[in-house]
Amino acid sequence: MEKFTTLTGVAAPLPLVNVDTDMIVPGPFLKTIERTGLGKIIFYNMRFNEDGSEKPDFVLNQDAYRNAQLLITGDNFGCGSSREHAPWGLADFGIRCIIGPAFADIFFNNCFKNSILPIVLPQETVDQLAGDAEQGANATLTVDLEAQTITRPNGDVINFDVDEFRKYCLLNGLDDIGLTLQKDEKIAAYEKTRAAERSWLPTTS
Amino acid sequence: MAGKTLYDKIWDAHVVDETSDGSTLIFIDLHLTHEVTSPQAFEGLRVAGRKVRRPDLTLAVADHSIPTTDRHAPVEDEQAALQLDTLAKNVEEFGIEYYDGLDIRQGIVHVVGPDQGLTQPGMTIVCGDSHTATHGAFGALAHGIGTSEVEHVLATQTLIQKKSKNMKVDVSGALGPGITGKDVALAVIGKIGTAGGTGYVIEYTGDAIRSLSMEGRMSLCNMTIEAGARAGLIAPDQTTFDYIQGKPQAPKGAAWEAAVAQWKMYETDEDAVFDKVVELDAAEITPLLTWGTSPEDVVSIDGEVPFPKDARDEHKAAAIERSLDYMGLESGTKMKDIKIDVAFIGSCTNSRIEDLRAAAYIAKGRQVADHVTALVVPGSGLVKEQAEAEGLDKIFTDAGFEWREAGCSMCLAMNPDKLLPGQRCASTSNRNFEGRQGKGGRTHLMSPSMAAAAAIAGHFIDFRDLQ
């Protein structure tokens with residue numbers, strides 16, 4: 001996984017509530033067997049007309065935000081389906097950090113697996129950052145994961161919380177499967193007890 | 001020390017390792033996989049040279065993109081065909097049991113687990129699908145995961161988790177006749193909102209929950225994810241045990257007795273403390289449906305489309321404006337005056353035998369309205385077989401419903417079953433998001449009785465008015 005240390009970039013405002021993962025990657029695009037290439041179809045139905053032309057009103061179609069690396073979002077972003085295609089698409093587009101008042105649980109987890117940092121802040125703070133984002137390409141935000149700070153265009157610094165283990169994985173670009181495999185003996189010990197104490201547990205084959 | 005909740009007990013029984021920051025390694029008893037969220041995970045294993053640790057605890061089913069028409073015909077959509085083919089190759093390479101489209105056991109993954117008796121109380125169950133919450137109906141801790149976590153479970157049979165908080169949703173009293181688990185689910189989401197459960201595992205309690213069949217409990221737990229919670233749970237009882245007994249993978253003989261004895265301990269202690277408690281009165285739950293594009297946009301069949309000015313805040317008011325526009329509705333319109341084009345009875349929420357019986361009861365001797373296309377998609381081959389043995393297929397086809405092969409179908413527009421732009425659908429599925437059932441499609445969520453009644457009447461109607 002790509003490391004996440006600091007990020008300075010343009011933030012796109014997307015202040016809708018309950019943006020679901022079907023909006024981010026609609027069902028018909030889930031038929032891919034790859035992780036890559038979804039950046040060009042994220043927010044497809046909001047972003048493109050029937051004939052495939054761009055809807056000029058949609059934020060990511062505006063010149064200032066075509067290279068946005070941050071999203072400032074509304075409440076409950078990423079709700080619905082567990083499809084990791086949503087963070088894959090966002091990452092493929094270039095989004096590395098999403099800031100909102102709350103995220104849906106599975107989407108939030110999925111972001112960390114793809115080197116995207118989701119940050120939860122109070123609505124008033126998110127509204128301030130959305131205001132910054134409205135200024136377009138001239139106003140960039142800087143996120144420092146180690147220091148857990150966001151620096152606004154006016155120099156103000158906002159602190160944020162992040163889970164310790166996830167921060168460690170992001171900063172070091174760690175694959176957590178590798179970390180878990182180091183605990184093989186503990187897993188094997190659990191399996192042994194499980195088989196002895198609950199021998200009726202079902203198997204699939 | 002306070003007692004433990006059901007969630008606490010299942011969690012504690014599955015801890016493999018704990019670290020000081022609260023990250024916990026949890027063992028997974030059953031891993032369900034399907035064609036859509038697994039290809040990248042298997043590819044990840046291949047690239048890293050890793051194996052599937054416990055193929056014997058892993059099951060693969062084709063459900064999302066598989067067509068629900070003739071199973072012997074080739075899959076026309078090339079991408080879907082490739083995805084199905086990829087799953088078939090992966091299960092072969094990694095040695096995983098697979099129910100393909102020609103297997104009678106095939107179906108929606110969350111119908112198949114319970115069908116086979118693989119879903120049992122006290123287990124941990126995951127799948128790369130958010131509606132894994134369904135299995136909580138058996139008192140199993142079950143939730144959806146992303147594809148990276150699918151890969152993690154394949155490789156290690158564990159997940160790295162942080163424990164959620166405990167929420168109790170108590171539904172007291174008796175449900176009215178014909179009021180189902182689906183109505184309870186919509187009532188709960190309407191009350192707490194789609195983010196109301198974020199950070200929690202919900203345990204459903206109360207007389208109304210105890211009175212639900214396993215099918216009703218599965219509908220309710222299924223939609224717990226629509227309330228934002230990690231998982232939903234219902235403590236197992238005799239209804240649960242009766243449902244499991246005799247299923248292919250259920251314990252037998254002495255093992256059955258031992259299992260039931262332990263399953264009975266999976267209940268919340270009387271002195272356990274919940275972080276949050278929500279209470280509903282069953283008597284107040286009417287037949288419900290959604291009007292908008294969020295599952296929290298719930299309204300009674302006697303109600304009307306809401307006004308933005310009545311929203312709780314400006315953000316929600318803006319969301320209502322957007323939904324009205326997308327749904328092609330005007331505030332103040334009576335729900336019963338809204339016409340439909342399509343009725344869909346199916347999905348992991350409502351495609352089990354009891355759901356089909358309820359819909360058939362409404363359809364019997366009646367005709368689908370001329371302007372409505374209606375389809376019934378059983379949740380699994382076994383559900384289909386049972387329905388046909390009971391003559392339900394005949395009732396549906398005589399009434400003008402299409403009778404299909406098992407799969408996710410029109411719930412998420414991944415196979416050829418989808419809405420056209422502007423079409424309005426009475427759907428027993430779980431999500432009314434923009435474009436969920438097809439680009440520009442308009443989804444209204446409701447119970448099987450309500451969807452069948454809407455198909456007959458051609459507009460939304462209280463199913464009790466048809467009887």
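- Heavy-atom distances place no part of B/His131 under 4.5 Å from chain A, backbone and side chain included.
- In this structure, the portions of A/Ile33 lying under 4.5 Å from any heavy atom of chain B include both its backbone and its side chain.
- Salt-bridge formation is detected for the pair A/Asp163/B/Lys162: a Lys NZ or Arg NE/NH1/NH2 atom is positioned less than 4.0 Å from an Asp or Glu carboxylate oxygen.
- Interface remark: A/Asp184 contributes backbone and side-chain atoms alike to the contact with chain B (heavy atom separation under 4.5 Å).
- At a 4.5 Å heavy-atom cutoff, B/Val150 makes no contact with chain A through either its backbone or its side chain.
- When the heavy atoms of residues 88-101 of chain A are compared with those of chain B, the residues falling under 4.5 Å are A/Trp88, listed by number.
- Only the side chain of B/Arg431 comes within contact range of chain A, judged by heavy atoms closer than 4.5 Å.
- When heavy atoms are compared at a cutoff of 4.5 Å, A/Asp176 approaches chain B by way of both its backbone and its side chain.
- Contacts with chain B (heavy atom to heavy atom, under 4.5 Å) involve no residue of residues 52-66 of chain A.
- Only the side chain of B/Asp77 comes within contact range of chain A, with at least one heavy atom under 4.5 Å from a heavy atom of that chain.
- When each of B/Glu226, B/Glu43, B/Glu151, B/His143 is scored by its heavy-atom pairs under 4.5 Å with chain A, the top score falls to B/Glu151.
- With a threshold of 4.5 angstrom between heavy atoms, B/Glu97 approaches chain A through side-chain atoms but not through N, CA, C or O.
- Considering CD1 of A/Ile106 and CD1 of B/Ile145, their distance stands at 9.0 Å, rounded to 0.5 Å.
- Considering B/Asp17, B/Leu25, B/Val153, B/Leu159 as possible partners of A/Thr180, the one that fulfils the side chain to side chain contact (heavy atoms under 4.5 Å, CB included) test is B/Leu25.
- Proximity to chain A is absent for every atom of B/Pro248, based on heavy atoms less than 4.5 angstrom apart.
- In this structure, A/Glu50 CD and B/Lys439 NZ are separated by 4.5 Å, a value rounded to the nearest 0.5 Å.
- Both the backbone and the side chain of A/Lys186 come within contact range of chain B, judged by heavy atoms closer than 4.5 Å.
- A salt bridge links A/Glu191 and B/Arg54; the closest N-O separation between the charged side-chain nitrogens and carboxylate oxygens is under 4.0 Å.
- With a 4.5 angstrom heavy-atom cutoff, B/Lys252 does not touch chain A via any of its atoms.
- Taking chain A as the reference chain and counting heavy-atom pairs below 4.5 Å, the highest number among B/Thr198, B/Ile225, B/Asp129, B/Ile96 is found for B/Asp129.
- The residue among B/Glu149, B/His64, B/Glu35 with the most heavy atom pairs within less than 4.5 Å of chain A is B/Glu149.
- Neither the backbone nor the side chain of A/Pro87 has a heavy atom closer than 4.5 Å to any heavy atom of chain B.
- In summary, A/Asp75 and B/Arg312 do not engage in a salt bridge, as defined by a charged side-chain N under 4.0 Å from a carboxylate O.
- If you tally non-hydrogen atom pairs under 4.5 Å between each of B/Gly193, B/Ala250, B/Ser294, B/Ala195 and chain A, the highest count goes to B/Ala195.
- Atoms OG1 and NZ, from B/Thr158 and A/Lys183 in turn, are 8.5 Å apart once rounded to the nearest 0.5 Å.
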